[in-house]
Amino acid sequence: LHRVDRRQRQMCIRDRIILAVVATFGLAYLIVKYLPLKYKWMVSIVLVVLGTFLVFKIYDGIMKPINFNKDKRVKYVKVIQHLKIIRDAELAFYKVNGNYTANKEGLIQFIDSAKFAITEVRDTVIQVNKGSKWQPLMVDVEKRIVDTIGYEPILKSFEDKDYKNMFNVPGVEGKQFELVIGLVEKIAGLEVPVFEARTEKKDLLVGMDISLVKQEMEAIESDQIKGEYVSVGSLNEVTTGGNWPPSYDKANREEEENDQ
């Protein structure tokens, strides 16, 4: 439905432009045919001005959505970079603690001070009594053992990431990402921890064309960021993915390479 509405708006703008062009040519024809010669020079100036205005409006109608998409993409790429750092931090916290956290300062401190356990898995054979105390029956049983052989600072995984400022929304002064945790029933009787970090699109698009911002808030296309938020994780399903299309991941990689 939203896609149909957008197409209808685009067709309406196109029809208005075509109507204005036709009206201009029709007026020019009437002037040439019926207006006295001594007035034609004045009308010619008016027509030149009107024609210039129409050319500008046509150009503006074409370029406005193109520039809007280009500008919003730049903003979204920076936001997604921050959301990915938040996701990495939450996953590290989950690996150590078995749950997620909504404590922003606590998560930053966690990165600064916590450590991953480095483990080694080995298989060994032990003897297990399958009989009784009076009639033992010793059987070889293979057992998997996990040994902790050391620890690695979590900070090492964040050396090239601006994790200290990961909760600040880029381009929006004083705004931080929302961070919420919860539980989702994965299967009957089994609830698993989830998290979601997000920010509203409208805050990122302040000062841009109002009608295009409205369209963006209603985006449902597969190559767009759907809905009113840019987000990672979910409180409704078990996922640590973002709501952006794969093209933004490619843009992120290119920007990171340029920054290096």
Side-chain angles (χ1 to χ4, degrees), residues 80-168 176-199 222 226-227 229-246 248-250 252-253 256:
I80 290 169
Q81 282 181 327
H82 280 236
L83 287 172
K84 286 182 174 181
I85 298 174
I86 294 172
R87 174 176 61 191
D88 291 344
E90 286 285 4
L91 290 174
F93 189 91
Y94 182 85
K95 185 175 181 180
V96 172
N97 298 287
N99 54 24
Y100 297 113
T101 179
N103 185 337
K104 298 176 184 178
E105 288 301 321
L107 192 54
I108 293 172
Q109 292 172 8
F110 168 80
I111 294 172
D112 285 330
S113 59
K115 295 180 179 181
F116 283 125
I118 302 173
T119 59
E120 182 180 74
V121 180
R122 59 187 175 87
D123 293 326
T124 187
V125 176
I126 61 173
Q127 284 199 324
V128 177
N129 183 6
K130 296 289 187 178
S132 66
K133 183 178 180 180
W134 296 275
Q135 290 183 312
L137 177 62
M138 306 306 292
V139 177
D140 289 341
V141 176
E142 190 175 89
K143 185 177 181 181
R144 177 158 293 183
I145 298 175
V146 179
D147 294 323
T148 299
I149 60 175
Y151 294 89
E152 180 179 281
I154 288 172
L155 183 59
K156 187 175 181 181
S157 302
F158 290 82
E159 286 179 345
D160 299 322
K161 300 174 182 178
D162 187 18
Y163 69 93
K164 296 280 190 182
N165 296 304
M166 62 183 172
F167 292 110
N168 297 329
Q176 286 203 329
F177 290 98
E178 299 174 34
L179 181 61
V180 187
I181 61 173
L183 294 171
V184 168
E185 191 173 45
K186 188 174 183 179
I187 59 175
L190 176 62
E191 289 188 325
V192 296
V194 292
F195 77 93
E196 183 177 36
R198 68 181 191 178
T199 190
S222 59
K226 300 177 182 179
Y229 295 88
V230 186
S231 65
V232 68
S234 173
L235 297 181
N236 300 315
E237 60 178 323
V238 181
T239 179
T240 58
N243 69 334
W244 54 84
Y248 280 95
D249 290 318
K250 181 180 178 182
N252 265 148
R253 287 193 296 271
E256 288 170 1

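Predicted model, so just to flag it, every value in this text is computed and none were measured. FYI, the numbering just counts along the sequence from 1.
M138 CE to K130 NZ: the interatomic distance, rounded to the nearest 0.5 Å, is 10.5 Å. We find the CG-CD1 distance between N243 and I80 to be 8.0 Å, quoted to the nearest 0.5 Å. Between the CE atom in M166 and the CG atom in L83 there is a gap of 11.0 Å [rounded to 0.5 Å]. Atom CD of E191 and atom NZ of K186 lie 13.5 Å apart (nearest 0.5 Å). Rounded to the nearest 0.5 angstrom, Q127 CD and L137 CG are separated by 10.0 Å.
The shortest heavy-atom contact between A197 and L179 is CB-CD1, 4.0 Å. Among all heavy-atom pairs drawn from I154 and A92, the shortest one is CG2-CB, 4.2 Å. Shortest non-hydrogen contact noted between G98 and P193 is O-CG, 4.0 Å. The minimum heavy-atom distance linking V96 with F116 is given by the pair CG2-CD2, 4.0 Å.
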Carefully, step by step, assess K164 and D112 under the rule side-chain contact (heavy atoms from CB on, under 4.5 Å). CA-CA 10 Å; K164 296 280 190 182; D112 285 330; 2.8 Å; yes
Test side-chain contact (heavy atoms from CB on, under 4.5 Å) on T199 and E178 and set out the steps. CA-CA 6 Å; T199 190; E178 299 174 34; over 6 Å; no
Walk me through whether N99 and I181 qualify under side-chain contact (heavy atoms from CB on, under 4.5 Å). CA-CA 9 Å; N99 54 24; I181 61 173; over 6 Å; no
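Applying the side-chain hydrogen bond (donor to acceptor under 3.5 Å, both in side chains) rule to pairs touching residues 86-95 yields D88-K161, sequence neighbours excluded.
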Which side-chain N or O atoms in residues 229-236 pair as donor and acceptor under 3.5 Å with protein atoms at least two apart or in another chain?
from : atom 1 : to   : atom 2 : distance (Å)
Y229 : OH     : R198 : NH2    : 3.4
S234 : OG     : N236 : N      : 3.0
S234 : OG     : E237 : N      : 3.3

Identify all side-chain donor-acceptor contacts of residues 103-111 below 3.5 Å with residues at least two apart in sequence or on another chain.
from : atom 1 : to   : atom 2 : distance (Å)
N103 : OD1    : E105 : N      : 3.3
N103 : OD1    : G106 : N      : 2.8
K104 : NZ     : Q176 : OE1    : 3.4
K104 : NZ     : F177 : O      : 2.6

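Side-chain contact between F195 and T101: absent, with no pair of heavy atoms (C-beta onward) separated by less than 4.5 Å. Looking at heavy atoms from C-beta onward, D249 lies in side-chain contact with K84 at the 4.5 angstrom threshold.
When the shell of 6.0 Å around CD of E185 is examined, it contains more than 12 heavy atoms from other residues, nucleotides or ligands. Atom CG of D123 has more than 12 heavy atoms from other residues, nucleotides or ligands within 6.0 Å.
Side-chain atoms of N97 do not come within 3.5 Å of backbone N or O of Y100 as any donor-acceptor pair.
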